[in-house]
Amino acid sequence: MNPETNKSNVSENQGNRQGRRRRNRRKPYYMNNKNSQPRDNAPTSRDVENKADAALFDTELDDVTESYVDENILAPSSDGSPTVTVSIENEDDVKTVHVTGVRFKANGKVYYFDKGKLSIKDGSFVIVNTARGLEFGEVAFGDREVKESSLVLPLREIVRVATPDDVKKNQDNKKKEDEAFKICLEKIEKHDLDMKLIEAQYSFDNSKLLFYFTSASRVDFRELVKDLASVFKTRIELRQIGIRDEAKLMGGLGACGRPLCCSTFLSDFVQVSIRMAKEQNLSLNSGKISGCCGRLMCCLQYEYSTYAEETAKTPPVDSVVKTPKGIGFVTEINPLARTVKVKLKEDPDAAPETYNRDEVTLISRPQKNGND
């Protein structure tokens with residue numbers, strides 16, 4: 001046999017086999033075999049998903065357990081029934097840790113500590129070991145169980161309950177901080193630095209002195225640090241903070257006339273977006289929805305979830321609805337009051353009438369502009 005002819009036949013056979021494989025991949029699973037026929041009752045992925053949801057819904061779980069659906073395997077088993085994998089976690093199996101909450105500033109963030117064998121009450125003062133050294137703090141709550149998975153172990157320990165001498169030393173540190181603040185202002189002016197000093201803070205054992213400042217740009221304060229270290233004879237640290245942190249430290253009055261939320265009860269800043277103002281039909285004038293810090297007010301998110309939930313249940317503006325008096329279109333909505341104002345098509349010159357949203361039936365939603 002001619003070797004060249006043999007090579008060409010082999011390559012031709014390989015090409016035919018590859019072509020068949022590609023064609024078979026494009027066919028449905030029940031068409032790969034020539035002798036097999038398509039099944040009329042072949043389940044679709046949607047059918048299998050619905051069966052899986054029904055199987056999960058019908059599963060009886062104990063009230064004291066927590067169930068988590070790891071995954072729904074959307075493929076039928078041999079008998080065509082869906083396969084659902086459910087992970088059951090019993091409360092008895094969840095590891096918890098007893099923690100004590102301590103805050104270092106009024107209405108500040110609460111940090112978790114291990115109280116050991118100490119007997120500690122809410123509102124008492126304690127000395128704790130932190131990354132900055134010994135610190136003086138107030139107990140927010142004495143004992144609480146927290147899931148171990150939510151903590152970074154090991155927890156730092158509470159050294160002791162504050163003694164009268166510790167309380168006096170903390171008061172002395174506050175006076176020293178006021179003096180340090182004035183001296184630092186003078187040094188900043190001397191070095192002609194573009195920075196706004198916000199607060200000075202001593203660690204409890206006076207091993208570190210921190211200065212918080214804001215600035216519109218990056219500041220080279222190396223010479224300032226050397227100058228301050230020569231005056232206070234301790235470790236100096238300068239930290240640049242944002243304008244929201246500045247408002248939290250400085251305090252003030254909001255547009256409502258009450259003290260700022262961030263400086264009174266908010267321990268962490270929350271994410272606020274302009275969408276929250278739109279959802280509540282508030283004015284988008286930046287002067288009316290911005291706080292003292294110049295950012296969107298934190299209180300915009302307080303009622304946002306309620307507005308979003310009620311708005312989803314209310315026919316939107318410009319939608320066509322059916323009322324007891326006829327068909328009309330919505331001109332105004334009040335989600336919290338659950339009312340809509342409808343202008344009837346039969347009497348367009350009449351003033352819109354107010355209906356409860358349960359009294360009207362949505363016919364069609366407003367068509368969105370293609371440019372939106």
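It should be emphasised that the depicted structure is a prediction, and the values quoted were computed from it without experimental measurement.
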Practice problem: Give me the ring orientation class for Phe213 and Phe221: parallel if the planes are under 30° apart, tilted from 30 to 60°, perpendicular past 60°. | Solution: perpendicular

Exercise. Among Thr339, Asn334, Thr314, find the residue that satisfies the side-chain hydrogen bond (donor to acceptor under 3.5 Å, both in side chains) test when tested with Arg357.
Key: Thr314

Practice problem: Check whether any side-chain N or O of Thr214 sits under 3.5 Å from a backbone N or O of Ile243 as a donor-acceptor pair, and report yes or no. | Solution: no

Quiz item: Would you say Phe181 and Ile183 are hydrophobically clustered, going by side-chain heavy atoms of ILVMFWY under 4.5 Å?
Solution: yes

Quiz prompt | side chain to side chain contact (heavy atoms under 4.5 Å, CB included), paired with Lys187, selected from Val231, Val225, Leu193, Leu197 | solution = Val231

Self-check item: Closest non-hydrogen atom pair, Gly251 against Leu260
Solution: C-CD1, 3.8 Å

Quiz prompt | Distance-minimising heavy-atom pair for Ala200 and Ala180 | solution = CB-CB, 4.4 Å

Quiz item: Is the backbone N or O of Tyr202 less than 3.5 Å from a side-chain atom of Glu177, with the two atoms forming a donor-acceptor pair by type?
Solution: yes

Self-check item: From CA spacing to verdict: salt bridge (Lys or Arg N to Asp or Glu O under 4.0 Å), Arg160, Asp166
Solution: CA-CA 10 Å; Arg160 64 180 182 271; Asp166 293 331; 3.0 Å; yes

Exercise. Would you check, one step at a time, whether the test side-chain contact (heavy atoms from CB on, under 4.5 Å) holds for Val97 with Val146?
Key: CA-CA 5 Å; Val97 178; Val146 179; 5.7 Å; no

Self-check item: Note: Glu309-Lys313 ion pair, threshold 4.0 Å (strictly below)
Solution: yes

Quiz prompt | Pairwise side-chain contact, Arg244 with Cys298, heavy-atom cut-off 4.5 Å (strictly under) | solution = yes

Practice problem: Give a yes or no on whether Arg144 atom CZ has more than 12 heavy-atom contacts from other residues, nucleotides or ligands under 6.0 Å away. | Solution: no

Practice problem: May I ask you to test the Ile198-Met250 pair for a side-chain heavy-atom distance under 4.5 Å? | Solution: yes

Quiz item: Under a 4.5 Å cut-off applied to non-hydrogen side-chain atoms, are Val128 and Arg156 in contact?
Solution: no

Self-check item: Closest approach of Cys184 to Phe211 (non-hydrogen atoms, all atoms of both residues)
Solution: CB-CE2, 3.5 Å

Quiz item: Should Val102 and Val161 be regarded as members of a common hydrophobic cluster, given that ILVMFWY residues are connected when their side-chain heavy atoms come within less than 4.5 Å of each other, either directly or indirectly?
Solution: yes

Self-check item: Approximate separation, where rounding is to 0.5 Å, of Gln271 CD and Leu296 CG
Solution: 10.5 Å

Quiz item: Could you state the interatomic distance from OH (Tyr111) to OG1 (Thr130), rounded to the nearest 0.5 Å?
Solution: 9.5 Å

Self-check item: In one Ile/Leu/Val/Met/Phe/Trp/Tyr side-chain cluster, 4.5 Å: Leu238, Val219
Solution: yes

Practice problem: Indicate yes or no for a side-chain donor-acceptor contact from Glu157 to the backbone of Gly116 under 3.5 Å, with no hydrogens or angles considered. | Solution: no

Quiz prompt | Closest heavy-atom pair and its distance - Gln240, Ser215 | solution = NE2-O, 3.1 Å

Quiz prompt | Heavy-atom closest contact (Val159 atom, Leu118 atom, distance) | solution = O-CD1, 4.2 Å

Quiz prompt | Cluster check Val317, Val320: I/L/V/M/F/W/Y, side chain < 4.5 angstrom | solution = no

Quiz item: From Met195 CE over to Tyr212 OH, what is the distance, rounded to the nearest 0.5 angstrom?
Solution: 13.5 Å

Exercise. Identify the two heavy atoms, one from Leu300 and one from Ala277, that lie closest to each other, and give their separation to 0.1 Å.
Key: CD1-CB, 4.5 Å

Exercise. Assign the ring pair Phe204 / Phe136 to parallel, tilted or perpendicular, where the plane angle (0 to 90°) is split at 30° and 60°.
Key: parallel

Quiz item: Around atom CZ of Arg235, are there more than 12 heavy atoms of other residues, nucleotides or ligands at under 6.0 Å?
Solution: no

Quiz item: Would a hydrophobic clustering, with Ile, Leu, Val, Met, Phe, Trp and Tyr connected at side-chain separations under 4.5 Å, put Tyr304 with Ile289?
Solution: yes

Quiz item: Do any pairs count as a salt bridge (charged side-chain N to carboxylate O under 4.0 Å, His left out) and have a residue in residues 190-200, sequence neighbours left out, and if so which ones?
Solution: Lys105-Glu199, Lys190-Asp227, Lys196-Glu246

Quiz item: Side chains of Pro324 and Tyr355: does their closest heavy-atom pair fall under 4.5 Å?
Solution: yes

Quiz item: Any side-chain heavy-atom pair from Thr306 and Leu336 closer than 4.5 angstrom?
Solution: yes

Self-check item: Trace of the side-chain contact (heavy atoms from CB on, under 4.5 Å) decision for Phe113 with Val126
Solution: CA-CA 11 Å; Phe113 289 89; Val126 291; over 6 Å; no

Quiz item: Is there a side-chain contact (heavy atoms from CB on, under 4.5 Å) between Asp143 and Lys115 once you walk through the steps?
Solution: CA-CA 9 Å; Asp143 189 10; Lys115 70 175 182 178; 4.0 Å; yes

Quiz item: Does Val272 reach the side chain of Arg295, with side-chain heavy atoms less than 4.5 Å apart?
Solution: no

Exercise. Check the side chains of Ser207 and Asp205 for a donor-acceptor pair under 3.5 angstrom, ignoring hydrogens and angles.
Key: yes

Quiz item: Measuring from Glu332:CD to Asp318:CG, what's the distance to the nearest 0.5 Å?
Solution: 12.0 Å

Exercise. Return yes if some donor-acceptor pair links the side-chain N/O of Ser203 with the main-chain N/O of Lys208 below 3.5 Å, else return no.
Key: yes

Quiz item: If you round to the nearest 0.5 Å, how far is CG of Leu282 from CG of Asn285?
Solution: 11.5 Å

Self-check item: Backbone of Tyr307 reached by a side-chain donor or acceptor of Gln280 within 3.5 Å
Solution: no

Quiz item: When Asp172 is tested against each of Lys168, Lys169, Lys174 for salt bridge (Lys or Arg N to Asp or Glu O under 4.0 Å), which residue passes?
Solution: Lys168

Exercise. Begin from the C-alpha positions of Thr311 and Glu279 and carry the test side-chain contact (heavy atoms from CB on, under 4.5 Å) through to its verdict.
Key: CA-CA 8 Å; Thr311 300; Glu279 195 76 36; 3.5 Å; yes

Quiz item: Are Ile158 and Val139 side-chain neighbours, meaning at least one heavy-atom pair lies under 4.5 Å?
Solution: no

Quiz item: Hey, does Asn173 have a side-chain heavy atom less than 4.5 Å from the side chain of Lys176?
Solution: yes

Practice problem: Measure the CD1-CG distance between Ile327 and Leu344 for me, rounded to the nearest 0.5 Å. | Solution: 10.0 Å

